[in-house]
Amino acid sequence: METDPQHPHPQGMETHLITLKINGKQHSTNIRPWVSLLDCLRDHLDLTGTKKGCDHGQCGACTVICDGKRILSCLSLAVMKDGAEITTVEGIATKNGLHPLQQAFIDHDAFQCGYCTPGQLCSALGLLSEGRASSREEVKELMSGNLCRCGANVGIIDAIMQVKDGGSDE
């Protein structure tokens, strides 16, 4: 495949330099325009806590917090998030140890295989910060996009309610 000296990459193979603030740290990487945020995090920035589940936006395993909102990273192009502030599961713990939500997941046995846990934690943290979860039923509804095939949903809801009711959602 020939390349034009003015454009060193073959047509369609261009990369874009993007900068993301992830878990409080600046990261820059050259990325092709079609790479999802999920693949950027995992394959380009070695942040493998965010999981690839269905890769179609149906399971929630890839949920991260982007500019304060819960998003499915498999459905977001990395180039569209240039300049964004992102929190992944690696950034949830505090300098003093586990985030209260992480501890509540342990206390309520809110995971079994653990594969969906990173997305569950990010989604739960997002819904708590949104202030929209005023009842157990609302928490169930707001977490319905995050699937747990092991059946730990009751523990997950219990953990979220513990943190919500305890006011320790930061």
Side-chain angles (χ1 to χ4, degrees), residues 19-29 36-54 57-76 78 81 83-170:
T19 301
L20 304 167
K21 186 174 184 181
I22 305 170
N23 303 325
K25 296 180 183 170
Q26 291 290 115
H27 296 267
S28 293
T29 187
S36 69
L37 178 59
L38 172 62
D39 290 338
C40 177
L41 293 169
R42 292 183 57 79
D43 300 338
H44 296 267
L45 300 174
D46 294 323
L47 293 166
T48 57
T50 305
K51 301 301 181 209
K52 183 178 278 206
C54 66
Q58 297 175 337
C59 73
C62 68
T63 303
V64 297
I65 300 168
C66 181
D67 294 329
K69 305 272 186 210
R70 299 176 290 158
I71 67 163
L72 300 171
S73 61
C74 75
L75 296 181
S76 301
K81 299 303 177 186
E85 187 167 337
I86 297 167
T87 301
T88 68
V89 70
E90 291 96 340
I92 293 176
T94 67
K95 57 186 165 204
N96 298 325
L98 293 178
H99 184 282
L101 192 56
Q102 291 171 308
Q103 186 60 55
F105 266 58
I106 293 168
D107 295 345
H108 291 279
D109 197 22
F111 52 89
Q112 288 181 28
C113 81
Y115 196 82
C116 71
T117 304
Q120 298 276 3
L121 285 165
C122 285
S123 188
L125 189 62
L127 78 86
L128 289 169
S129 69
E130 291 165 10
R132 295 177 36 206
S134 60
S135 70
R136 186 175 185 87
E137 288 304 313
E138 283 185 2
V139 170
K140 279 183 180 179
E141 178 62 29
L142 291 167
M143 291 296 292
S144 66
N146 292 80
L147 302 179
C148 173
R149 289 181 172 86
C150 295
N153 296 50
V154 171
I156 292 166
I157 302 302
D158 289 345
I160 295 167
M161 292 304 294
Q162 174 186 314
V163 173
K164 180 197 152 314
D165 293 340
S168 299
D169 60 345
E170 295 185 40

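Since the structure is predicted, the reported quantities are computational estimates derived from the model, not experimental observations.
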What distance do I65 atom CD1 and L125 atom CG have between them, rounded to the nearest 0.5 Å? 4.0 Å
Give every donor-acceptor pair under 3.5 Å between a side-chain atom in residues 66-73 and any protein atom, sequence neighbours left out.
| from | atom 1 | to | atom 2 | distance (Å) |
| --- | --- | --- | --- | --- |
| D67 | OD1 | E85 | N | 2.9 |
| R70 | NE | E130 | OE2 | 3.2 |
| R70 | NH1 | S123 | OG | 3.0 |
| R70 | NH1 | L142 | O | 3.0 |
| R70 | NH2 | E130 | OE1 | 3.4 |
| S73 | OG | C62 | O | 2.7 |

Straight-line distance of K164 NZ to S135 OG, nearest 0.5 Å: 8.0 Å
In residues 109-120, what donor-acceptor pairs under 3.5 Å come from side-chain atoms, sequence neighbours left out?
| from | atom 1 | to | atom 2 | distance (Å) |
| --- | --- | --- | --- | --- |
| Y115 | OH | K52 | O | 2.5 |
| T117 | OG1 | G114 | O | 3.3 |
| Q120 | NE2 | N146 | O | 3.4 |

Looking at every non-hydrogen atom in both residues, tell me the closest pair between S36 and C74 and how far apart they are. CB-O, 3.8 Å
Between A159 and L101, the two heavy atoms sitting closest are O-CD1, 4.3 Å
Can you list every pair that meets side-chain hydrogen bond (donor to acceptor under 3.5 Å, both in side chains) and has a residue in residues 41-50, with sequence neighbours left out? none
Could you tell me which non-hydrogen atom of S129 sits nearest to which non-hydrogen atom of G126, and how far apart they are? OG-O, 3.0 Å
Can you find a heavy atom in the side chain of V64 that is under 4.5 Å from one in the side chain of I22? no
So which atom in T87 and which in N23 form the shortest heavy-atom distance, rounded to 0.1 Å? CA-OD1, 3.4 Å
Can you list the steps and then say if I92 with C122 is a side chain to side chain contact (heavy atoms under 4.5 Å, CB included)? CA-CA 8 Å; I92 293 176; C122 285; 4.0 Å; yes
Test: salt bridge (Lys or Arg N to Asp or Glu O under 4.0 Å). Region: residues 137-149. Which pairs qualify, not counting sequence neighbours? E137-K140
Across all chains, not counting sequence neighbours, the side chain to side chain contact (heavy atoms under 4.5 Å, CB included) partners of D107 are Q103, Q162
Closest non-hydrogen atom pair between Q102 and V89, with its separation: NE2-O, 4.4 Å
When you look at L128 and V163, which way does the side chain to side chain contact (heavy atoms under 4.5 Å, CB included) test go after all the steps? CA-CA 9 Å; L128 289 169; V163 173; 3.9 Å; yes
Working to the nearest 0.5 Å, report the span between CG of L47 and OG1 of T88. 5.5 Å
Distance in Å, I86 CD1 paired with C40 SG, rounded so as to fall on 0.5 Å steps: 7.5 Å
Side chain to side chain donor-acceptor pair (under 3.5 Å) filter on S28, not counting sequence neighbours, yields T19
Can you name the salt bridge (charged side-chain N to carboxylate O under 4.0 Å, His left out) partners of R136, sequence neighbours left out? D158
Roughly how far apart are K25 NZ and L20 CG, rounded to 0.5 Å? 15.0 Å
